[in-house]
Engineer: 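I have a structure I would like to understand better, so I am pasting it below and will then ask my questions one at a time.
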Amino acid sequence: MISRRLICLTALTGAALLSGCDKLGFTSAPKASFQGVDLTGAAYARGFSLPDQNGQLRTLEDFKGKVVVVFFGFTQCPDVCPTTLHELAQVKQALGADGDRVQGVFISVDPERDTPELLKAYLAGFDPSFVALRGSPEQLKDVAKEFKVYYAKVPGKTPDSYTMDHTAASFLFDPQGRIRVFSRYGAGTQALLGDIKTLLASQ
């Protein structure tokens with residue numbers, strides 16, 4: 001039978017070793033608590049390189065120092081896309097001055113119909129600071145693969161009346177440009193606000 005004295009000595013030795021690891025820098029930073037799905041350390045959704053609504057090539061590096069919220073959608077989306085953009089605009093407003101440290105990025109999954117002019121007018125109805133990205137079909141395929149998002153054309157009654165199925169969620173990057181959170185559609189404004197506050201505080 002192992003004596004109580006030996007158990008205590010073993011526990012003390014373990015505590016000492018852990019303390020030594022702390023001093024050597026082996027202990028990881030405290031894990032943040034998110035209401036969305038924690039993607040910290042994920043080997044995907046690492047960035048993008050697409051033209052914006054003004055024809056300027058944009059990458060994640062352009063927004064370093066801000067929490068970046070990336071959403072895939074299309075302008076003729078009846079509910080999911082406008083709801084998501086509206087909620088993000090509300091979050092920015094609720095943050096006051098810190099709202100300037102949040103960047104919304106809308107990636108079109110319907111470049112065939114989402115012209116630069118249409119994207120400009122569409123985003124202006126939510127927040128003038130939001131950026132829309134519109135690539136070629138090949139570029140869209142590549143960025144969708146990087147983010148592991150789904151999109152597909154659903155035929156309508158006429159060739160021009162099709163709609164788009166797509167992943168309904170936002171990807172949140174911290175101010176250092178690291179993917180951190182997958183925020184599902186329907187989580188609500190307060191959940192998104194809480195996770196963005198956590199990321200802003202991590203800078």
Engineer: Who pairs with Lys197 by side-chain contact (heavy atoms from CB on, under 4.5 Å), at least two apart in sequence or on another chain?
Structural biologist: Leu95, Leu193

Engineer: For the aromatic rings, using the six-membered ring if either is Trp, is the centroid distance between His86 and Phe126 under 6.0 Å?
Structural biologist: no

Engineer: For the side chain of Arg101 and the backbone of Leu200, is there at least one donor-acceptor N/O pair under 3.5 Å apart?
Structural biologist: yes

Engineer: With side chain to side chain donor-acceptor pair (under 3.5 Å) as the rule and sequence neighbours excluded, what pairs involving residues 153-164 come up?
Structural biologist: Asp110-Tyr162, Glu112-Lys153, Arg113-Tyr162, Thr158-Ser161

Engineer: Please enumerate all residues that pass salt bridge (charged side-chain N to carboxylate O under 4.0 Å, His left out) together with Asp100, with sequence neighbours excluded.
Structural biologist: none

Engineer: Test Ser108 against Arg134 for side-chain hydrogen bond (donor to acceptor under 3.5 Å, both in side chains), laying out the working first.
Structural biologist: CA-CA 6 Å; Ser108 173; Arg134 175 184 177 271; over 6 Å; no

Engineer: Is there a chain of hydrophobic side chains (I, L, V, M, F, W, Y, each step under 4.5 Å between heavy atoms) that links Ile107 to Ile179?
Structural biologist: yes

Engineer: Classify the side-chain pair Lys148/Thr167 by whether it contains a donor and acceptor separated by less than 3.5 Å.
Structural biologist: no

Engineer: Kindly state whether the ring of Phe72 and the ring of Tyr151 have centres lying under 6.0 angstrom apart.
Structural biologist: no

Engineer: According to the interplanar angle, ranging from 0 to 90°, do the rings of Phe63 and Phe48 count as parallel (below 30°), tilted (30 to 60°) or perpendicular (above 60°)?
Structural biologist: tilted

Engineer: Output all residues satisfying side-chain contact (heavy atoms from CB on, under 4.5 Å) with Arg184, sequence neighbours left out; order by chain, then residue number.
Structural biologist: Val37, Phe182

Engineer: Mark yes or no for whether Asp165, through its side chain, and Ala152, through its backbone, hold a donor-acceptor pair below 3.5 Å.
Structural biologist: no

Engineer: Decide whether Tyr122 and Leu50 are clustered together by the hydrophobic rule: side chain heavy atoms of Ile, Leu, Val, Met, Phe, Trp, Tyr closer than 4.5 Å, transitively.
Structural biologist: no

Engineer: Could you pull out all residues at least two apart from Arg178 that satisfy salt bridge (charged side-chain N to carboxylate O under 4.0 Å, His left out)?
Structural biologist: Asp174

Engineer: Does Lys120 NZ have over 12 foreign heavy atoms under 6.0 Å away?
Structural biologist: yes

Engineer: Could you point out which residue of Thr189, Asp127, Val102 forms a side chain to side chain contact (heavy atoms under 4.5 Å, CB included) with Leu88?
Structural biologist: Val102

Engineer: Of all residues at least two apart in sequence or in a different chain, which pass the side-chain contact (heavy atoms from CB on, under 4.5 Å) check with Gln56?
Structural biologist: Asp52, Arg58

